[in-house]
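If you're wondering where the values come from, they're calculated on a predicted model, not measured in any experiment. Side-chain atoms are counted along with the backbone in the values below, which use heavy atoms only and exclude waters and symmetry mates. Residue numbers count from 1 along this sequence.
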Amino acid sequence: MEKRARYITTTLPYVNDDPHFGHALEFIQTDALARYWRLMGHEVFFNTGTDEHGQKIAQKADEAGTSRQDYVDRFAERFENLNRDVFGLSFDSFIRTTDEHHKKAAQEIWRRCLAKGDIYKKSYKGLYCVGCELFYKESELLEGNICAIHQKPCQEIEEDNYFFSLSKYQSYLEEYLSQPVIEPEWRRIEALKFVQNGLEDFSISREKSRMDWGIPVPDDENQVMYVWFDALTNYISCLGWPDDANGLFEKFWVNGHRMQMAGKDQIRFQSIMWQAMLKSADLPATDKVFYHGFINSGGHKMSKSLGNVISPFAVVERYGLEATRYLLLRHVHPVDDTDVTWEKMDEWYTAGLVNGLGNLVARVMKMAETHLDEPAKRPEAIGFAEEYTAALDTFNFQGACDYIWSRVGALDERIATEEPFKLVKTDPAKAKAIIRELVLELYALGRLLNPIMPATSTIIKDAVLKNKKPENLFSRLEQVK
């Protein structure tokens, strides 16, 4: 992999409710890639944050009887706490779309698109989904003008809005999407077909009299920016654009490899709208967008009414942070939808961690501490197996984890076959040689775990270098309160 500055970002979750398990999946996938790239020697800028404007938030704040700013402050704190303290993400930037610098950046990209002739004002009548914050054509909705995503009827709204000339960029987007800019491949084809079916200009503002919680449109006090036009700009405002006082935009966006992570329902926004906005503003396009699937539970989409919502806070409380990362990276498919229940997670946790990795570390390090006279020396820097790097280079987190646990299984099998704990009584020299080899292989496993379970990686490597069995890595569930 070419050594190059690498930029990666999550989408910004909308702070109209608590973080859910789908957010956790995207955060941890992104963090795993950032850590892997750093392990490979790249310089990485990892961005995340919160999307805080729009009609949904205004309504929620009004229902709660609080100011809009107080409302978003409360939820933004929850997300930042989840990212920093609960999941321990290695992000370099946590941006909020209510930050003053971001507001200025959103207004600047507006001015650039306006100067290009790509923004105009007209009276518009359309079907609007509050949940999606998006106008739809009738052909895109279910019978009765029901939004397929939120299962609620769209509102018919007529007002004066500013529009972005998305149709002007149809040929450009067809050319852009004909390149390997999306993973998985079938999502790229989906995006390309959407564009080939014909693009319509989209509304990028709302009348302030109807929706006042947003960034003001430059030179028009009666309009605020459409939440998506505002929020998408965070991907470059987090780097200090447009001023770029610290050179981060030049380094990571202009000259770096630009990557975004998103859910499969984000294609229209991330790979069509945003790329056209960048082109209009004469800025480089995103190099790659990775779209993950959804997490369902018990065969259904998670829903409060069904009572099947799984809170990421509750998962971390039950299994611990490192185990939560393992569950999401090994047992949730990177791009397809995955059904997750507490029963399944209990099984995965017990088999892979308690009886698998945790038991292996305890057995090997107990033998080492008992029978080796001195710690193993830190191995010279060695490369990583192609099976492992190829998996992570193609965002196959499951494949990378399966490779690691295949080596866990091989090490267990070797212990069972060669029985060094018995051999030490009859041939201590040979037994110690085997134990040293087991310890070095355990160290290698620790290195491989770095992007997946970083704290566990450190514990394993430290145990090997100190020749001391660590505390049990993963408690049995009957001991978990």
Side-chain angles (χ1 to χ4, degrees), residues 8-34 46-61 64 68-99 102 106 129-134 149-150 213-215 226-238 259-270 273-274 289-296 301-304 309-316 324-325 328 332:
I8 190 167
T9 182
T10 68
T11 52
L12 298 194
Y14 205 51
V15 293
N16 63 323
D17 210 339
D18 279 329
H20 58 68
F21 213 27
H23 292 134
L25 173 65
E26 185 173 309
F27 297 157
I28 289 177
Q29 284 182 337
T30 308
D31 185 68
L33 276 180
F46 170 10
N47 175 58
T48 189
T50 44
D51 179 3
E52 302 180 17
H53 290 122
Q55 189 171 352
K56 283 187 291 187
I57 288 174
Q59 288 180 349
K60 288 279 190 176
R68 281 76 183 272
Q69 190 63 55
D70 286 346
Y71 184 86
V72 296
D73 285 349
R74 178 163 60 90
F75 277 101
E77 183 178 5
R78 289 275 284 172
F79 275 95
E80 188 165 6
N81 173 60
L82 177 71
N83 288 349
R84 175 175 287 113
D85 301 327
V86 179
F87 285 135
L89 302 187
S90 59
F91 57 85
D92 301 286
S93 163
F94 187 94
I95 191 165
R96 298 178 58 185
T97 57
T98 53
D99 291 343
H102 172 78
C129 173
V130 174
C132 294
E133 301 265 9
L134 187 67
I149 297 173
H150 292 92
W213 183 240
I215 296 176
Y226 168 52
V227 64
W228 283 102
F229 194 95
D230 148 20
L232 291 167
T233 309
N234 93 87
Y235 299 134
I236 55 177
S237 67
C238 70
M259 180 162 179
Q260 298 173 212
M261 306 286 280
K264 66 179 185 179
D265 59 340
Q266 292 278 311
I267 291 174
R268 183 186 303 197
F269 305 106
Q270 310 298 331
M273 291 180 180
W274 173 232
V289 184
F290 173 81
Y291 292 103
H292 60 79
F294 291 161
I295 298 178
N296 301 319
K301 182 178 179 181
M302 288 190 195
S303 163
K304 289 181 180 178
V309 173
I310 297 176
S311 162
F313 296 103
V315 176
V316 173
T324 300
R325 292 178 66 100
L328 286 169
V332 172

Closest contact, heavy atoms only, Gln270 versus Ala262: CG-CB, 4.0 Å
Looking only at heavy atoms, what is the nearest atom pair of Ala34 and Ile8, with distance? CB-CG2, 4.3 Å
So do [Y] and [X] actually touch side chain to side chain, heavy atoms under 4.5 Å?
{"X": "Phe27", "Y": "Pro312", "value": "no"}
{"X": "Met261", "Y": "Val289", "value": "no"}
{"X": "His102", "Y": "Asn234", "value": "yes"}
{"X": "Met259", "Y": "Leu33", "value": "yes"}
{"X": "Ile295", "Y": "Val332", "value": "yes"}
{"X": "Phe94", "Y": "Thr50", "value": "yes"}
{"X": "Phe313", "Y": "Arg78", "value": "yes"}

May I ask you to establish whether Lys60 and Tyr71 are in a cation-pi arrangement, using a distance under 6.0 Å from NZ or CZ to the six-membered ring centre and at most 45° from the ring axis? no
Can a side-chain donor-acceptor contact be found between Thr11 and Glu26 if the only test is distance below 3.5 angstrom? yes
Can you see whether Thr97 engages Asp230 through a side-chain donor-acceptor pair at a distance of less than 3.5 angstrom? no
Asp92: salt bridge (charged side-chain N to carboxylate O under 4.0 Å, His left out) partners, not counting sequence neighbours: Arg38
For the pair Tyr235 and Trp274, evaluate side-chain contact (heavy atoms from CB on, under 4.5 Å) and give the outcome as yes or no after the intermediate values. CA-CA 10 Å; Tyr235 299 134; Trp274 173 232; 3.6 Å; yes
Surrounding CD of Gln69 (heavy atoms of other residues, nucleotides or ligands, distance under 6.0 Å), is the total greater than 12? yes
Kindly state each residue pair satisfying salt bridge (Lys or Arg N to Asp or Glu O under 4.0 Å) with at least one member in residues 49-58, sequence neighbours excluded. Glu52-Arg96
Go through it in stages, so that I can follow the logic: the residues are Tyr291 and Gln260, the test is side chain to side chain donor-acceptor pair (under 3.5 Å), and I'd like the CA-CA distance, side-chain angles, deciding distance and then a yes or no. CA-CA 9 Å; Tyr291 292 103; Gln260 298 173 212; over 6 Å; no
Separation of [Y] [atom2] from [X] [atom1] (nearest 0.5 Å):
{"X": "Thr98", "Y": "Ile215", "atom1": "OG1", "atom2": "CD1", "result": "9.0 Å"}
{"X": "Thr10", "Y": "Ile28", "atom1": "OG1", "atom2": "CD1", "result": "12.5 Å"}
{"X": "Thr48", "Y": "Asp31", "atom1": "OG1", "atom2": "CG", "result": "10.0 Å"}
{"X": "Ser311", "Y": "Phe21", "atom1": "OG", "atom2": "CZ", "result": "9.0 Å"}

Run the side-chain contact (heavy atoms from CB on, under 4.5 Å) check on Val227 and Gln55 step by step: do they pass? CA-CA 8 Å; Val227 64; Gln55 189 171 352; over 6 Å; no
Can you list the steps and then say if Lys264 with His292 is a side-chain contact (heavy atoms from CB on, under 4.5 Å)? CA-CA 6 Å; Lys264 66 179 185 179; His292 60 79; over 6 Å; no
Who passes ring-ring contact (aromatic ring centres under 6.0 Å, His included) against Phe79, sequence neighbours left out? His23
What pairs with His53 under ring-ring contact (aromatic ring centres under 6.0 Å, His included), at least two apart in sequence or on another chain? Trp213
Can you give me every donor-acceptor pair (side chain of residues 81-89, partner residue at least two apart or in another chain, under 3.5 Å) with its distance?
unit_1 : atom_1 : unit_2 : atom_2 : d
Arg84  : NH1    : Glu80  : OE2    : 2.6
Arg84  : NH2    : Glu80  : OE2    : 3.3

Any residue meeting side chain to side chain contact (heavy atoms under 4.5 Å, CB included) with Ser93, in chain and number order, not counting sequence neighbours: Phe45, Asn47, Ile95, Cys238
